[in-house]
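Notes for the one structure printed next.
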Amino acid sequence: SVKMAAHDDAWFSARVNGAVRGYHVYGDIWNPYVGEQLTTERESDNTEDKYAVAVRKDGTDTVGHVPREISKLCSFFIQRSGIITCEVTGDRRRSPLFEGGLEIPCIYTFKGKKKIIDKLKVFLTECNYR
């Protein structure tokens, strides 16, 4: 579910349950813990997904990616001066994707201008994302 909050006249936020995908790839450099705060950054040079958004520890090391189901949305959100942070909420689990892999449950917090947060909320509700 999407939850909105107003921070001041200019910035609003929306929180969405999600996951950091690709833990099986980055597990040797990352030991996630509940409450850990992570950042996100567009990965425009990613050859597998031109909308890829990396999840980073300490703003430097990539430890996974935003799920592909919402990577295009997240990429556009960041391009429009939005900020997406990530908070780990649980232990690793098997990904529901056919190809499998491991993921880390989290909450993504989107921060941006009211207009873009309103659009984000509508899109996430319409696509029934978690």
Side-chain angles (χ1 to χ4, degrees):
S1 71
V2 179
K3 296 178 183 171
M4 277 187 64
H7 295 287
D8 58 38
D9 291 337
W11 288 89
F12 286 76
S13 68
R15 292 169 52 95
V16 179
N17 290 324
V20 178
R21 295 262 168 87
Y23 178 71
H24 57 286
V25 176
Y26 300 99
D28 59 334
I29 64 165
W30 182 40
N31 187 20
Y33 57 90
V34 172
E36 183 174 10
Q37 301 294 316
L38 305 165
T39 60
T40 63
E41 184 178 316
R42 287 186 66 242
E43 224 178 38
S44 54
D45 60 346
N46 187 310
T47 57
E48 306 254 337
D49 179 2
K50 67 181 180 178
Y51 302 109
V53 175
V55 177
R56 299 189 187 275
K57 179 178 179 164
D58 301 324
T60 57
D61 292 329
T62 297
V63 295
H65 290 86
V66 167
R68 190 172 280 202
E69 299 94 321
I70 60 168
S71 65
K72 187 174 185 178
L73 170 74
C74 292
S75 181
F76 285 136
F77 185 83
I78 292 169
Q79 282 182 303
R80 285 157 183 78
S81 301
I83 298 168
I84 306 170
T85 57
C86 175
E87 179 181 345
V88 174
T89 59
D91 294 328
R92 70 180 185 187
R93 64 185 182 205
R94 194 132 176 84
S95 170
L97 300 177
F98 173 75
E99 54 271 15
L102 295 173
E103 64 181 23
I104 304 297
C106 69
I107 293 176
Y108 287 106
T109 300
F110 295 77
K111 295 177 186 169
K113 302 287 184 180
K114 184 178 185 326
K115 183 177 179 180
I116 196 167
I117 291 292
D118 288 344
K119 287 182 180 181
L120 171 82
K121 184 179 176 184
V122 169
F123 178 82
L124 290 170
T125 301
E126 286 177 356
C127 75
N128 199 25
Y129 183 77
R130 296 186 200 214

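Heads up: numbering here begins at 1 and tracks the sequence.
Between W30 and I104, the closest side-chain pair of non-hydrogen atoms falls below 4.5 Å. Within the 4.5 Å cutoff, the side chain of K121 has no heavy atoms near those of the F12 side chain.
Between the T89 side chain and the P105 main chain, a donor and an acceptor come within less than 3.5 Å of each other. In this structure a side-chain-to-backbone donor-acceptor pair under 3.5 Å is missing from S75 to K72. In this structure a side-chain-to-backbone donor-acceptor pair under 3.5 Å is missing from T62 to A54. With hydrogens and angles disregarded, no donor-acceptor distance shorter than 3.5 Å links the side chain of Y33 to the backbone of D91. The closest donor-acceptor contact from the side chain of H65 to the backbone of R21 lies at 3.5 Å or more, if one exists at all.
We find the CD1-CD distance between I116 and Q79 to be 10.0 Å, quoted to the nearest 0.5 Å. Interatomic distance, CD1 of I83 versus OG1 of T40, reported as 9.0 Å (0.5 Å rounding). For the atom pair C74 SG and R68 CZ, the distance stands at 13.5 Å (nearest 0.5 Å). Separating the SG atom in C86 from the NZ atom in K57 is a distance of 12.5 Å, to the nearest 0.5 Å. Separating the NZ atom in K113 from the NZ atom in K119 is a distance of 14.5 Å, to the nearest 0.5 Å. Note that CD of E87 and CD of E36 are 10.0 Å apart. Values are rounded to the nearest 0.5 Å.
Scanning all heavy atoms of the two residues, the minimum distance from A52 to N46 falls at CB-ND2, 3.4 Å. Across W11 and S81, no two heavy atoms sit closer than the pair CH2-O, 3.6 Å. Of all non-hydrogen atoms in D49 and S71, the two that sit nearest each other are OD2-OG, 3.0 Å. Heavy atoms only, all atoms of each residue included: A14 and L120 are closest at CB-CD2, 3.9 Å.
With hydrogens and angles left out, the side-chain atoms of R56 and T39 include no donor and acceptor closer than 3.5 Å.
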Do Y51 and I70 pass the side-chain contact (heavy atoms from CB on, under 4.5 Å) test, and can you show the C-alpha distance, the side-chain angles, and the key distance before you say yes or no? CA-CA 9 Å; Y51 302 109; I70 60 168; over 6 Å; no
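Cluster membership check: V66 shares its hydrophobic cluster with L102, using side-chain heavy-atom separations under 4.5 Å among Ile, Leu, Val, Met, Phe, Trp and Tyr. Cluster membership for F123 and V53, using ILVMFWY side-chain heavy atoms within less than 4.5 angstrom, is shared.
Paired with Y108 under the rule side chain to side chain contact (heavy atoms under 4.5 Å, CB included), one option of I84, T85, L38 passes, and it is I84.
Using a 30° and 60° split on the angle between ring planes, F77 and F110 fall in the perpendicular class, above 60°.
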